[in-house]
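Because the structure is predicted, anything quoted here is derived from the model rather than measured.
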Amino acid sequence: MANPTTYVLVHGAWHDGQSWNRVAPLLSAHGHRVFAPSLTGHGDKAHLLSPEVGLGTHVDDIVGLILDHDLSGIVLVGHSYAGMVISSVANQVPERISSLVYIDAMVPTHGENAIDVMPLTQVLIDAAAESAEPWRIPPLPELPSPLGLFGVIDPDDIDWLKTTLADESVLCFQQPVQLDNPAQASIPRSHILCVGSKLDGVTRRPIPGTQPNGEPSRVHELECGHDCMITKPVELSDLLLKGARLAKQGTTRQGI
C-alpha cells in the first residue's frame with residue numbers, strides 16, 4: 001500500500017499489548033502499520049509497576065512511542081481505561097493524530113479522572129485499601145457466563161487472557177486528564193460500544209450527540225462482551241479499516 005494508515009492500539013487496565021494479537025494482523029494484512037505497545041506495568045514492562053505509575057506514565061508511554069517513531073496521521077485507538085490515555089495523548093500531540101477511536105472506553109472531559117467517568121472505580125480502590133498493598137488493584141475476577149472474564153467466555157480464551165493480566169496502580173484511576181489544548185477538540189472521534197453482557201453496577205456514560213469538533217457523534221455497536229478485540233476481532237477490524245478507507249477517499253476528518 002502506497003499510503004498506509006498508522007494505527008496505535010492502546011490496551012485497557014490490567015491488560016497488555018497482547019490483547020490486540022487477533023486484531024493487529026488483520027490490519028497489517030491490508031498494508032497498514034500497527035503498533036500495540038504494553039503500557040508501563042504490563043506485558044514486557046510488568047516489572048516497572050510501582051505506586052508512582054499513573055495515567056501520566058501511560059500517556060508518556062504513548063507520546064514517547066509516537067515521537068520515537070515519528071508517527072503522524074495516526075488512528076489512535078483506546079480500549080476501556082485507555083480512553084483516558086488517548087484523550088490525554090491527543091491533548092499533547094494533536095497534530096499527529098487523524099482520528100480517535102474509543103472502544104467501550106472511558107470518555108473524559110477536562111479535569112476528570114477515571115473515578116469521575118466510572119464511579120465504580122472507587123469501589124475497587126476502596127477494596128485495595130484494605131489489602132497489604134493498597135496502591136495496587138488486582139484484575140477483575142472471572143464471573144459466571146455470560147459475563148465471563150471481561151466479557152470473554154470461551155474457556156481457552158479465558159485461560160490465555162489470565163496469563164496476560166496484571167495489577168493496576170491506583171494512581172492510574174486517580175490522576176485527571178488534561179484537555180486544555182484547543183487543537184485536540186478538532187480531532188474526529190468514533191465510539192465502538194460492546195452491547196452484549198452487562199455487569200451489574202456498571203453504568204456507561206452516554207455518548208454526547210455532538211463531537212467536540214461540532215460534527216455528529218459516530219457510534220457503532222458490537223454484540224459482545226467488553227474485550228471485543230478477543231471475541232470479535234474480525235468485526236472490530238472491519239470497523240477500524242472502514243476509517244482507513246474513508247481517509248484514502250479524502251474524508252479523513254469523518255472518522256469511522
Side-chain angles (χ1 to χ4, degrees), residues 4-20 23-24 27 32-103 105-114 116-117 166 168-191 211-213 229 240 243-244 247 252-253 255:
T5 297
T6 298
Y7 291 92
V8 176
L9 311 176
V10 187
H11 64 81
W14 302 294
H15 294 61
D16 67 13
Q18 295 179 89
S19 63
W20 302 103
V23 172
L27 301 177
H32 302 300
R33 298 181 72 192
V34 183
F35 295 84
S38 291
L39 300 173
T40 297
H42 302 279
D44 58 345
K45 303 183 185 74
H47 62 288
L48 298 177
L49 183 65
S50 75
E52 289 72 41
V53 171
L55 174 62
T57 313
H58 293 160
V59 173
D60 289 345
D61 288 339
I62 302 304
V63 171
L65 172 78
I66 290 170
L67 297 180
D68 288 347
H69 292 271
D70 194 21
L71 305 180
S72 61
I74 301 164
V75 176
L76 184 57
V77 181
H79 176 247
S80 196
Y81 154 78
M84 309 290 290
V85 179
I86 67 171
S87 296
S88 297
V89 171
N91 195 66
Q92 292 196 25
V93 288
E95 71 283 356
R96 292 178 177 267
I97 300 168
S98 66
S99 65
L100 296 169
V101 183
Y102 294 82
I103 301 178
M106 297 182 178
V107 184
T109 57
H110 177 62
E112 288 189 318
N113 62 19
D116 297 318
V117 180
E168 201 70 60
S169 169
V170 165
L171 193 60
C172 295
F173 301 134
Q174 293 176 327
Q175 286 186 326
V177 299
Q178 300 299 315
L179 303 178
D180 53 0
N181 184 344
Q184 60 82 25
S186 68
I187 302 171
R189 292 152 165 81
S190 304
H191 304 268
Q211 300 182 46
N213 65 2
M229 72 286 293
L240 297 176
T252 305
R253 306 306 286 180

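Judged purely by atom type and a 3.5 angstrom limit, S38 uses its side chain to pair as donor or acceptor with the backbone of G17. Side-chain atoms of D61 do not come within 3.5 Å of backbone N or O of L39 as any donor-acceptor pair. In this structure, D16 contributes its side chain and H42 its backbone to no donor-acceptor pair below 3.5 Å. A donor-acceptor pair under 3.5 Å links the side-chain atoms of E168 to the main chain of W14, judged by distance alone.
Separation of atoms NE2 (H58) and OG (S88) is listed at 12.0 Å; rounding is to 0.5 Å. The OG atom of S19 sits 5.0 Å away from the CE atom of M229 when rounded to the nearest 0.5 Å.
Under the side chain to side chain contact (heavy atoms under 4.5 Å, CB included) criterion, A36 pairs with L9, W20, not counting sequence neighbours. Listed by chain and number, the residues in a salt bridge (Lys or Arg N to Asp or Glu O under 4.0 Å) with E112 are R205 (sequence neighbours excluded). For the side chain to side chain contact (heavy atoms under 4.5 Å, CB included) test, no residue two or more places apart in sequence or in another chain qualifies with A46. Applying the side chain to side chain contact (heavy atoms under 4.5 Å, CB included) criterion to Q175, with sequence neighbours excluded, gives L55, L171.
Ring orientation note: the planes of H191 and Y102 are close to parallel, at an angle under 30° on the 30°/60° scale.
A salt bridge (charged side-chain N to carboxylate O under 4.0 Å, His left out) check over residues 72-91, counting only residues at least two apart or in different chains, returns nothing.
In this structure, V117 and M106 approach most closely via the heavy-atom pair CG1-CB, 3.7 Å. Between R33 and P4, the shortest heavy-atom contact is N-CB, 4.4 Å.
Donor-acceptor pairing under 3.5 Å is lacking for the side chains of H11 and Q18.
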Distance-only donor-acceptor pairs under 3.5 Å for side chains of residues 62-76, two or more places apart:
| from | atom 1 | to | atom 2 | distance (Å) |
| --- | --- | --- | --- | --- |
| D70 | OD1 | R96 | NH1 | 3.1 |
| D70 | OD1 | R96 | NH2 | 3.4 |

